[in-house]
Each structure stands twice: as C-alpha cells, then as structure tokens.
Amino acid sequence: HFSRFQRARLMARRGDDEGARTLLLSDAPAADATGYPRLIIEVQALLAQVNLRLADVDAAVAHAQRAVEAGKGARYS
C-alpha cells in the first residue's frame, strides 16, 4: 500500500493530479482495510490536495474530513 501511495505522491508532484487521484481512489479501500491510521491519513490527505488542485472542492473537503477522522484517537499519528 505504501509504495502505491508513494507512486501517487510522485505523480501529483509531477503534475499528474488526475492520475494520482485515480490511483489513490482505487487504493483507498485497501488502505482503509489495514486499519493503520497513518496510512489512511496520508492517503486521504493527498486525495484532498489533488482534488483541491483539480477544483473539486467538495471532494477535497470530504477527504480532508476523513483524514481528520482517521486520526482521532490514534496514537502517534
């Protein structure tokens, strides 16, 4: 999961926000299934960033809220 996240991060850094969003959306359920807060937060936060750059404000806010929720009660996240 982490390697796919890193790939999506690199895609976004290189300006391929649409590709990054597609990759992250396909991997988000698997990241959620791990139950690992740090991974979930990272995926959701990057989804928020790329959606904001793609002018999808509603999706950006939704993913940012999911990132915050994933961090509630998590130790060391």
Side-chain angles (χ1 to χ4, degrees):
H1 303 288
F2 191 73
S3 63
R4 288 176 59 87
F5 168 73
Q6 290 300 332
R7 182 174 172 218
R9 181 184 288 185
L10 181 61
M11 292 169 76
R13 194 174 300 150
R14 291 181 176 168
D16 185 8
D17 291 323
E18 192 63 55
R21 176 169 63 177
T22 299
L23 181 60
L24 288 164
L25 286 173
S26 71
D27 201 45
D32 290 344
T34 68
Y36 185 49
R38 172 95 188 243
L39 179 61
I40 297 166
I41 292 165
E42 293 283 346
V43 168
Q44 292 299 324
L46 186 53
L47 272 165
Q49 290 173 19
V50 297
N51 276 295
L52 189 58
R53 284 196 298 261
L54 291 167
D56 189 344
V57 176
D58 291 339
V61 169
H63 288 290
Q65 290 172 333
R66 288 184 197 133
V68 170
E69 286 298 316
K72 285 186 178 175
R75 295 180 57 173
Y76 313 113
S77 290

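Residue Arg7 places its CZ atom among 12 or fewer non-hydrogen atoms of other residues, nucleotides or ligands, all under 6.0 Å distant.
Rounded to the nearest 0.5 Å, atoms CE (Met11) and CD (Gln6) are 13.5 Å apart. From Phe5, atom CZ reaches atom CG of Asp27 across 10.5 Å, with rounding to the nearest 0.5 Å. Interatomic distance, CD1 of Ile41 versus OH of Tyr36, reported as 9.5 Å (0.5 Å rounding).
In terms of heavy atoms, Ala70 sits closest to Ile40 at CB-CG2, 3.5 Å. When all heavy atoms are compared, the tightest approach of Ala67 to Ala45 is CB-N, 4.0 Å. Here the closest heavy-atom approach between residue Ala8 and residue Leu46 is recorded as C-CD2, 4.1 Å.
Partners of Arg53 according to the salt bridge (Lys or Arg N to Asp or Glu O under 4.0 Å) rule, which considers only residues two or more places apart in sequence or in another chain, are Asp17. Applying the side chain to side chain donor-acceptor pair (under 3.5 Å) rule to Gln65 yields no partners; only residues at least two apart in sequence or on another chain are considered. Residues passing the salt bridge (Lys or Arg N to Asp or Glu O under 4.0 Å) test with Arg66: none are found, sequence neighbours excluded.
Only one option out of Val50, Leu47, Asn51 pairs with Leu25 in a side-chain contact (heavy atoms from CB on, under 4.5 Å); it is Leu47.
Side-chain contact check for Leu23 versus Arg9: every heavy-atom pair is 4.5 Å or farther apart. Proximity of Lys72 to Pro37: side-chain heavy atoms (C-beta onward) are nowhere separated by under 4.5 Å.
Under the 4.5 Å side-chain heavy-atom criterion for grouping Ile, Leu, Val, Met, Phe, Trp and Tyr, Val61 is connected to Leu52 within one hydrophobic cluster.
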